[in-house]
Amino acid sequence: MDERRYGEWVAVRVDGHVAELLLDRPEAMNAISTELARGVTAACGELAVHGGVRAVVISSTQARAFCAGADLKERNGLSDEEFGRHRAVLRAAFTGVLDLPVPAVAAVEGFALGGGYELALSCDLIVADPTAVVGLPEVTVGVIPGGGGTQLLPRRVGAARAAELIFTGRRVAADEAHALGLVDELTERGGAREAALALAARMAAHSPIGLRAAKRALRTGSGLPLAAGLEVEDAAWRTVAFSPDRKEGVAAFNEKRAPRWAKPPIA
Ligand SMILES: CCCCCCCCCCCCC[C@H](O)CC(=O)SCCNC(=O)CCNC(=O)[C@H](O)C(C)(C)COP(=O)(O)OP(=O)(O)OC[C@H]1O[C@@H](n2cnc3c(N)ncnc32)[C@H](O)[C@@H]1OP(=O)(O)O
């Protein structure tokens, strides 16, 4: 396993075909400062073109919080002009997570609030333990969910539930979060990171070209009218159907062995 740091607050560990992006600013509950955002952007940029990585887990190095959202201390002293520049830096980070070309899983223990929950929403799946507390409290601090929450949350749980959570800014404990679909899996206490890594490893055992194409189809087709969505699927299907992976997958099945996938072409 190799580990690399991206600035002071972000690290990436790659173990086989699974990469773990660790938020490592425990003293501020991984609050998203300009510096932490720059680290996330740089890490996601490298993971996006790392041909050996087939799934990513985003986790925290401490159990009290996955991420407590935007850094309210740093923001407190920013001019409007500085705040605009700050947002551009954070936008690159959130977009970097959202646009990871492989399956991404958030491992949430403790607080995931505001931009912290929006980072988790930018992943494909969210695995939480019973200490998880999620929510979008932005209206309580004079802003709105600006990390994609007003768009990602309704797509996950529906417009009415998203409205209730955004307008009330309330925190949701793990059991209710799981029942509402705010998180996808609930583990035993302290088990979210291990479960997320195990889930990522299961996915990463499969066709790297197929995983990337399936994510493109899921993301690009989301919200489209069915006919247009099916065209998106067809285009994604073609990138796999005539690839080495399909040939290897069929051969492995017939030879009753595990597939030996090649590195995918990096777009
Ligand atoms: C997907 C593509 C989208 C494309 C567009 C993307 C654009 C991206 C730009 C937007 C980025 C997201 C913006 C987001 O929507 C806005 C926000 O996130 S606003 C902030 C929301 N978060 C909160 O309101 C939570 C604030 N924190 C708390 O309520 C509490 O700290 C807590 C988490 C409930 C924990 O409480 P306690 O257990 O009592 O612990 P403490 O409060 O003592 O905290 C410990 C320590 O951490 C510091 N800290 C905690 N949270 C923050 C924070 N958000 N910012 C800065 N520092 C924080 C706290 O001050 C303590 O430090 P100490 O004072 O002891 O030094």
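Values below: all heavy atoms of this structure, side chains included; hydrogens, waters and symmetry mates excluded. Both counts, for ligands and for their atoms, begin at 1 and track the order of listing.
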- Item | Salt-bridge present (E176, R170; N to O < 4.0 Å) | yes
- Query: So, S60 and N30: side-chain donor and acceptor under 3.5 Å apart, yes or no?
  - Reply: yes
- Answer side chain, backbone, both or neither: which part of A31 comes under 4.0 Å from ligand 1, heavy atoms only. side chain
- Name the option, out of G114, A68, G69, that contains the heavy atom nearest to atom 23 (C) of ligand 1. A68
- For atom 55 (N) of ligand 1, which of V133, D99, L72, T95 has the closest heavy atom? L72
- Message: Hydrophobic cluster membership, with links at side-chain heavy-atom distances under 4.5 Å among I/L/V/M/F/W/Y: are L47 and V102 in one?
- Response: yes
- Item | Between E74 and T34, a side-chain donor and acceptor under 3.5 Å | yes
- Message: When you measure from atom 27 (N) of ligand 1 to the protein, is at least one non-hydrogen atom found at a distance under 4.0 Å?
- Response: no
- Task: Heavy-atom contacts with L90 under 4.0 Å: which atoms of ligand 1 show up? List them by number with element.
- Result: 8 (C), 9 (C), 11 (C)
- Message: Under 4.0 Å, heavy-atom basis, I'd like to know which part of R91 is in contact with ligand 1: side chain, backbone, both or neither.
- Response: both
- Kindly indicate whether atom 51 (N) of ligand 1 is approached by any protein heavy atom to under 4.0 angstrom. yes
- Task: Decide yes or no for L165 and L153: does some side-chain heavy atom of the first lie under 4.5 Å from some side-chain heavy atom of the second?
- Result: yes
- Under a 4.0 Å N-O cut-off, is there an ion pair linking R156 with D184? yes
- Hey, is ligand 1 close enough to G115 that some N/O pair sits below 3.5 Å? yes
- Task: Before accepting this row, confirm whether a basic side-chain N of the pair D124/K215 lies closer than 4.0 Å to the acidic partner's carboxylate O.
- Result: yes
- Task: Inspect the contact between R4 and E46 and indicate whether a charged nitrogen and a carboxylate oxygen are less than 4.0 angstrom apart.
- Result: yes
- Nitrogen or oxygen atoms of R75 and ligand 1 under 3.5 Å apart: no
- Message: Any carboxylate oxygen within less than 4.0 angstrom of a Lys/Arg side-chain nitrogen, looking at D234 and R238?
- Response: yes
- Item | Atoms of ligand 1 close to G146 [distance to a heavy atom under 4.0 angstrom, numbered from 1] | 5 (C), 6 (C), 7 (C), 8 (C), 9 (C), 10 (C), 15 (O)
- Task: Show which atoms of ligand 1 fall inside a sub-4.0 Å distance from at least one heavy-atom site of M29.
- Result: 33 (C), 35 (C), 38 (O), 40 (O), 47 (O)
- Task: Look at R5 together with D24 and state whether they make a salt bridge at an N to O cut-off of under 4.0 Å.
- Result: yes
- Which atoms of ligand 1 have any heavy atom of E27 under 4.0 Å away? 46 (C), 47 (O), 62 (O)
- Item | Flag: protein heavy atom within less than 4.0 Å of atom 7 (C) of ligand 1 | yes
- Task: Mark up the atoms of ligand 1 that fall under 4.0 Å of a heavy atom belonging to R171, in ascending order.
- Result: 29 (O), 34 (C)
- Query: Nearest protein heavy atom to atom 42 (O) of ligand 1: under 4.0 Å?
  - Reply: no
- Item | Heavy-atom proximity to atom 24 (O) of ligand 1, best of S122, G142, G147, P137 | P137
- Select the closest option to atom 64 (O) of ligand 1 among R64, K73, R25, judged by heavy-atom distance. K73
- Message: How far is atom 54 (N) of ligand 1 from the closest protein heavy atom, and which atom is that?
- Response: A70 O, 2.9 Å
- Can you sort out which atoms of ligand 1 are near P145, meaning under 4.0 Å from one of its heavy atoms? 15 (O)
- Message: For R189, is there an ion pair with E109 - N to carboxylate O distance below 4.0 angstrom?
- Response: no
- Task: Can you spot which of L113, L136, L98 makes a side chain to side chain contact (heavy atoms under 4.5 Å, CB included) with E118?
- Result: L136
- Among all protein non-hydrogen atoms, which one is nearest to atom 48 (C) of ligand 1, and what is the separation to 0.1 Å? A28 CA, 4.0 Å
